[in-house]
Structure formats: structure tokens, C-alpha cells
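Below: the structure, in C-alpha cells.
On a predicted model such as this, the values are computed, not experimentally measured, just so you know. Residues: numbered from 1 along the sequence shown.
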Amino acid sequence: MDHVFFSGDLNYRIDLPREYVERCVMDIQQCASKDNGATMPATKATTNVEVDALMNKLLRRDQLLQTIASGQAFSDFNEGKITFLPTFKFDKGTSNYDTSHKQRVPAWTDRILFRSDKARVLEYQSAAEATHSDHRPVFGTFQLGWGLTEKSQGFAKKPRRNRSRRKKD
């Protein structure tokens, strides 16, 4: 097998309280709006650092990344770097996260995973403007071929496997 892609609603969630996730999302959106209307040249670099830190707070608690890191599922699969906001659960037709009585925690349930020695991620995004569903679709563009080296593949960092340490008696 040269290339294996696995995509869809994998239904993994973020193991954090809804209020915390929503606050991070609002802070990310605020940083992004500062970036778009920046008046000072230094703002963009600061904003990128802030956005990366906020995204990492959420991604560290992403169940799929934790599952891959522990070796429980999707062994040897990779994913492009997630740079988009959580893609689930929205009120249909809006940009509001779930306001129903269930109050689901926003999460990246829709994903594209791949296993290949000869693939490079060119693009990995969500279609935030698609409001017809409670999910935002994700899409990716990949370069597949034999001329790619490991350094040029553009993979997201592969999650580290958790290795439990035994206590010495």
C-alpha cells in the first residue's frame, strides 16, 4: 500500500469543560481580528504566538491525538497541522456553538488522517462558511509521489506515545 487516507466524523472530543474551550475559541477569534486590523507591525507576530498557545491548550486535550499517541488506534497515521477552530457542534445555519440543552463541548470531530511515506500536506482547513450542518467540513490538499523526502513532507508532529514508567521498589 502506498497511501491510505481515513477521513470523516471520527467523533473524538476535547477533554476540557465547555466554558474553557469556548473562552479559548473567543480569545483565538479576538487575536485573529486584531491581526486582520493590525495597526502596529509587531502585532502579527505577537498574535501568532498567542493563537498558537491557545490552540495548543486545546489540542493537548484532543482525544484523537491522545489515542494516536498512546498507540490505541490509528497507529502510524499522520494528520496535517490543525490551524482551524473546532468544527463541531454548531447550531445549524449559524456560527454559534451548541446552544441546545445538551451544550456540547466544541471539538474537532471531523478529521483527515493518512498513512504514507510519500505524501506532503499542502493544505488542511475547515470550511467555516458552510453553515448547513452542525459540523464544519474539513478538506485537505496533498502532494503524493515518489520524489518526496521525509524532510519535505510537511507532516504535523506525530504524537508521542505515552510510556508509563514503572516505579522501582
Side-chain angles (χ1 to χ4, degrees), residues 1-32 48 50-144 153-164:
M1 257 181 297
D2 291 330
H3 313 287
V4 177
F5 286 84
F6 193 90
S7 65
D9 177 4
L10 304 186
N11 213 26
Y12 286 90
R13 306 301 171 97
I14 298 173
D15 282 329
L16 288 168
R18 176 187 168 89
E19 296 78 19
Y20 184 85
V21 174
E22 284 186 332
R23 180 78 247 171
C24 285
V25 167
M26 287 190 304
D27 290 347
I28 290 166
Q29 290 170 326
Q30 187 176 20
C31 287
N48 288 339
E50 292 172 29
V51 167
D52 287 348
L54 290 164
M55 289 289 287
N56 285 334
K57 284 181 180 183
L58 299 177
L59 289 166
R60 277 195 297 266
R61 300 299 298 271
D62 178 75
Q63 291 174 345
L64 177 59
L65 294 178
Q66 291 175 346
T67 299
I68 293 171
S70 69
Q72 294 175 323
F74 301 107
S75 183
D76 298 324
F77 275 82
N78 295 290
E79 181 177 27
K81 182 178 179 184
I82 295 177
T83 59
F84 46 89
L85 293 174
T87 58
F88 173 84
K89 159 91 165 98
F90 290 91
D91 294 335
K92 288 182 184 179
T94 75
S95 294
N96 301 325
Y97 286 105
D98 188 16
T99 60
S100 74
H101 70 281
K102 291 184 179 180
Q103 296 281 298
R104 292 183 188 94
V105 177
W108 291 282
T109 59
D110 306 280
R111 308 291 270 272
I112 302 172
L113 305 178
F114 62 96
R115 185 171 54 202
S116 174
D117 292 333
K118 306 292 181 189
R120 187 172 103 193
V121 179
L122 302 177
E123 181 179 32
Y124 187 40
Q125 286 295 326
S126 72
E129 65 282 355
T131 61
H132 61 282
S133 171
D134 60 346
H135 293 253
R136 298 297 181 257
V138 297
F139 60 93
T141 306
F142 300 84
Q143 180 180 6
L144 306 176
Q153 288 178 334
F155 293 145
K157 279 188 178 177
K158 190 164 188 172
R160 293 184 192 169
R161 289 199 174 170
N162 293 336
R163 304 212 189 261
S164 58

Check whether any side-chain N or O of [X] sits under 3.5 Å from a backbone N or O of [Y] as a donor-acceptor pair, and report yes or no.
X      : Y     : value
Asp91  : Thr99 : yes
Thr131 : Thr94 : no
Gln63  : Arg13 : yes
Tyr97  : Pro86 : yes
Gln66  : Arg60 : yes

Arg111 and side chain to side chain contact (heavy atoms under 4.5 Å, CB included): which partner among Leu10, Asn11, Thr87? Leu10

Which distance, rounded to the nearest 0.5 Å, do you find between the [atom1] of [X] and the [atom2] of [Y]?
X      : Y      : atom1 : atom2 : answer
Ser116 : Asp76  : OG    : CG    : 12.0 Å
Asp9   : Ser133 : CG    : OG    : 9.0 Å
Asn48  : Met55  : CG    : CE    : 12.0 Å
Arg61  : Leu16  : CZ    : CG    : 4.5 Å
Leu113 : Leu64  : CG    : CG    : 5.5 Å
Arg23  : Gln30  : CZ    : CD    : 7.0 Å

Derivation and outcome, side chain to side chain contact (heavy atoms under 4.5 Å, CB included), residues Val138 and Trp108: CA-CA 10 Å; Val138 297; Trp108 291 282; over 6 Å; no

Flag the pair Lys89 and Asp134 as a salt bridge only when some basic side-chain nitrogen lies within less than 4.0 angstrom of an acidic carboxylate oxygen. yes

Quick one: do Asp27 and Lys57 make a salt bridge, cutoff under 4.0 Å? no

Side chain to side chain contact (heavy atoms under 4.5 Å, CB included) evaluation trace for Leu144 with Phe5: CA-CA 12 Å; Leu144 306 176; Phe5 286 84; 3.9 Å; yes

From CA spacing to verdict: side-chain hydrogen bond (donor to acceptor under 3.5 Å, both in side chains), Tyr124, Glu79: CA-CA 9 Å; Tyr124 187 40; Glu79 181 177 27; 2.6 Å; yes

Determine, stepwise, if the pair Lys118 / Asp2 fulfils side chain to side chain contact (heavy atoms under 4.5 Å, CB included). CA-CA 7 Å; Lys118 306 292 181 189; Asp2 291 330; over 6 Å; no

Minimum heavy-atom distance [X]-[Y], with the two atoms named:
X      : Y      : result
Phe114 : Gly80  : CE2-N, 4.1 Å
Ser7   : Ile112 : CB-CG1, 3.9 Å
Cys31  : Leu54  : SG-CD1, 4.5 Å
Ile14  : Pro106 : CD1-O, 3.5 Å

Side-chain heavy atoms of [X] within contact of [Y], under 4.5 Å:
X     : Y      : answer
Lys81 : Val121 : no
Val4  : Phe77  : yes
Phe74 : Arg115 : no

Hey, can you tell me if His135 and Phe88 have their rings parallel, tilted or perpendicular (30° and 60° cut-offs)? tilted

Geometric cation-pi criterion, Arg136 with Phe90: 6.0 Å, 45°: yes

